[in-house]
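Residue numbering restarts at 1 for every chain, and letters A, B, ... go by the order of the sequence lines.
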Protein chains: 2
Amino acid sequence: MTEFPTGRPTVYDVARVAGVSIKTVSRVVNRSSGVSDKTRRLVLEVVNDLGYVVNPAARSLVTGSSSTIGVIVDSIADPFFASLVSVVEVRALAAGFSTQVASTWRDPQLERDQLLRMTRENISGLLLAPTMGDHDYFAATVKDVPAVLVDRGWPGSGLDVVGVNDRAGARAAVEQLLGLGHRRIAFLGDDSKLTTTAHRRAGYLDALDAAGLSVPPELDRHSLLMADPGGKAVFELLELDEPPTALFSSNSRTSLGAVRALHKRRRTDVAMISFGDFDLADALEPGITVVDHDPALIATAAVDRLLARIGGTDLVPTEILLPTPLVKRGSGELSCSPS
Amino acid sequence: MTEFPTGRPTVYDVARVAGVSIKTVSRVVNRSSGVSDKTRRLVLEVVNDLGYVVNPAARSLVTGSSSTIGVIVDSIADPFFASLVSVVEVRALAAGFSTQVASTWRDPQLERDQLLRMTRENISGLLLAPTMGDHDYFAATVKDVPAVLVDRGWPGSGLDVVGVNDRAGARAAVEQLLGLGHRRIAFLGDDSKLTTTAHRRAGYLDALDAAGLSVPPELDRHSLLMADPGGKAVFELLELDEPPTALFSSNSRTSLGAVRALHKRRRTDVAMISFGDFDLADALEPGITVVDHDPALIATAAVDRLLARIGGTDLVPTEILLPTPLVKRGSGELSCSPS
DNA sequence: CTCCCTGTTGACAGCGCTGTCTAACCAAGC
DNA sequence: GCTTGGTTAGACAGCGCTGTCAACAGGGAG
């Protein structure tokens, strides 16, 4: 046995023990061609004996790329993004990439910092759920890194966007409520500066417009803060002289608040449709009808697209829209009973 | 203006433009002492102009460490861990560390692979929610990396463990049910090979023992698979000749299934306590009483401990147990009414 | 005036790896 | 025999950075 290298073994250690050059070790480890079977087996054996693993920092320094995919979302604690990220992780790992996650908390400045941090690390690709605000800096910061936007984009990004047709999905939901006789339908949105929320609100307005209805401002609660679990707005709505007979909640977070409020006030006669599914939506009485906005579907499509781009495929930037089936569970099928 | 460096600027570019040596640039960037104010300001200006950012790969190659904290959990999609990870991320970032997350899906082999991947990357510290199975390999794989176990440990790990007193928390919950007259109390657990589940089951048994009760095997559902959303077991329990009058669910996932089943069968007269809170637990009728098992609290304590270790503080490996208050919402306060 | 000390700066090696280029080797063909 | 060409292997530079050590200037003490 040769002397034991202290610390982590390097290509030099392997080369010395195997009696070959470091370049040959590198070739074996990277599965490059030009190594005879005999040599390859010998080297692999030594690699195993010594427990050699490549040092990604050194490799990244030479190659300028790190086999890592960056994922930047509002918050990993948000169930929608948690689920999205977890699918990305699995799929990326299968393709040989590790995943780096970062949260923006919807803060444009933090988003920018996170992007900067990731580009520093020579990520191979980027998945981003952009927050509101200007992204003029983006091209300069993320230059040359393949990127795919998830869930939402910004005008003129020139990038792939994988998401759903927010406007059409919302419109379909509100049209169902209208069809049941509802005329006073409230809108719940967390922040209309977010394009998704804005599009869903547009769909809501489309449906009302088409039915010849205008929106009483007191029913249009489109800027509930991220912090407000939505409950407060619903309490207020219920106390109006002419309360809404139906709610359209534009995302899971506001829906959780709305459900809480409706149940507290025992007003489960109020119809409700949520854009975005959530745990227990099916267990409530009545079950909550949702426009299904499946994170796994979006993640899968987005990673596949990104991997194709990383692989060098030349693709025209496209908006990939996934379907949003209406899952009827009861709350969205309550007809309008005059109170 | 000097010629524009193509690609990303390096210390050489900054040094050349500023008319100093690369070492001085390095000193300024790393805030090392021994640079005059004048030089520092000059260099910073050039850094700004050129948009210089350090290359972490190169730095990591030299220093052998990457200012990254690795976090390995069952799954980022699990709300408990999602919340834990998100708190870790924020806190680590504030301390100048970025976060790498990986899921094990409770697969010991995958856990090992993820650990290996992270050690390769020269992480500065590790937070791990160990899955079941032997961890004999651990010391050899993760040598020299400060590590803190979260939520659960394994016997003889010799590492810090930050979690809750599963056994005592579970016992307190079951004792409350016993106090209300319940005698047939079912246990729901996802996998008794997980130490947390095992401890909670032990607490359940402790309480019954102390009350002089034995556990009918048909009420002890301790190995529901991860995939089973728990519902099935509860349907079966409800159809027993002598169904349980109360459920003790040992984690949020099984609780979600149980709630679903109880509500489907309209058996909200069955008492229930969940170990672990979940969304809408308070909105249900009745609200679900929970043993609060707060991921944010655990994350905070764990990161702080890890940062102290990374900082070189010499600490005796400790088990840090956080409180698990019983949050009474109704379902755990239903007394036993003979059906 | 010299010596030494402190504060500031730079030259240079080398972290572990891959890309480029060259060398050695063997078989086939003239 | 020598050339040609393909395959396998190695020498070496250099990716961008930090650690070590040496150099040098300025100023107070002897």
Side-chain angles (χ1 to χ4, degrees), chain A residues 5-44 46-47 50-68 96 117 119-124 144, chain B residues 5-44 46-47 50-68 96 117 119-124 144:
Chain A
T6 56
R8 182 170 164 172
T10 71
V11 276
Y12 292 96
D13 299 315
V14 177
R16 190 161 30 75
V17 175
V20 299
S21 78
I22 55 164
K23 181 66 216 190
T24 299
V25 176
S26 168
R27 275 193 271 256
V28 170
V29 169
N30 292 291
R31 296 179 179 69
S32 333
S33 59
V35 184
S36 68
D37 269 9
K38 209 181 91 193
T39 315
R40 176 185 312 280
R41 266 194 298 273
L42 168 65
V43 171
L44 283 177
V46 176
V47 162
L50 263 47
Y52 169 79
V53 281
V54 339
N55 181 329
R59 175 183 282 170
S60 165
L61 181 58
V62 176
T63 62
S65 140
S66 68
S67 287
T68 294
R117 229 200 53 229
T119 52
R120 270 201 268 241
E121 315 227 341
N122 287 321
I123 52 172
S124 311
D144 305 330
Chain B
T6 56
R8 183 171 164 172
T10 72
V11 275
Y12 292 96
D13 299 316
V14 177
R16 190 160 29 74
V17 175
V20 298
S21 77
I22 55 164
K23 183 65 217 191
T24 299
V25 176
S26 169
R27 275 194 269 258
V28 170
V29 169
N30 291 291
R31 295 179 180 68
S32 334
S33 60
V35 183
S36 69
D37 267 11
K38 209 182 93 194
T39 317
R40 178 186 310 282
R41 267 195 296 274
L42 168 64
V43 171
L44 283 177
V46 176
V47 162
L50 263 48
Y52 169 79
V53 282
V54 331
N55 182 329
R59 174 183 283 170
S60 164
L61 181 58
V62 177
T63 63
S65 140
S66 68
S67 286
T68 295
R117 229 200 52 229
T119 51
R120 270 200 267 239
E121 313 226 344
N122 287 322
I123 52 172
S124 311
D144 305 331

Touch class at under 4.0 angstrom, heavy-atom based, for A:T39 against every strand present: sugar-phosphate

Phosphate-side-chain proximity, A:T24 and D:dG10, N/O vs OP1/OP2 below 4.0 Å: yes

Heavy-atom side-chain proximity of A:N55 to A:T10 below 4.5 angstrom: no

Whole angstrom value for the distance that separates P of D:dT8 from CZ of A:R40: 10 Å

Hey, what are the protein-to-nucleotides 15-19 of chain D N/O distances that come in under 3.5 Å?
unit_1: D:dC17; atom_1: OP1; unit_2: B:Y52; atom_2: OH; d: 2.4
unit_1: D:dC17; atom_1: OP1; unit_2: B:N55; atom_2: N; d: 3.3
unit_1: D:dC17; atom_1: OP2; unit_2: B:V11; atom_2: N; d: 2.5
unit_1: D:dC17; atom_1: N4; unit_2: B:Y12; atom_2: OH; d: 2.8
unit_1: D:dT18; atom_1: OP1; unit_2: B:N30; atom_2: OD1; d: 3.2
unit_1: D:dT18; atom_1: OP1; unit_2: B:N30; atom_2: ND2; d: 2.9
unit_1: D:dT18; atom_1: OP1; unit_2: B:R59; atom_2: NE; d: 2.9
unit_1: D:dT18; atom_1: OP1; unit_2: B:R59; atom_2: NH2; d: 3.2
unit_1: D:dT18; atom_1: OP2; unit_2: B:S26; atom_2: OG; d: 2.6
unit_1: D:dT18; atom_1: OP2; unit_2: B:N30; atom_2: ND2; d: 3.3
unit_1: D:dG19; atom_1: N7; unit_2: B:K23; atom_2: NZ; d: 2.5

B:R40 side-chain N/O to B:R31 backbone N/O, donor-acceptor pair under 3.5 Å: no

The single option from A:K23, A:R41, A:R27 passing side chain to side chain contact (heavy atoms under 4.5 Å, CB included) against A:V35: A:R27

Heavy-atom donor-acceptor pair, B:S66 side chain to B:E121 backbone, under 3.5 Å: yes

Short side-chain to backbone donor-acceptor contact, B:R8 and B:V54, under 3.5 Å: yes

A:V25 side chain near A:Y12 side chain, heavy-atom distance below 4.5 Å: no

Rounded interatomic separation in angstrom, taking CZ from A:R16 and C1' from D:dA11: 18 Å

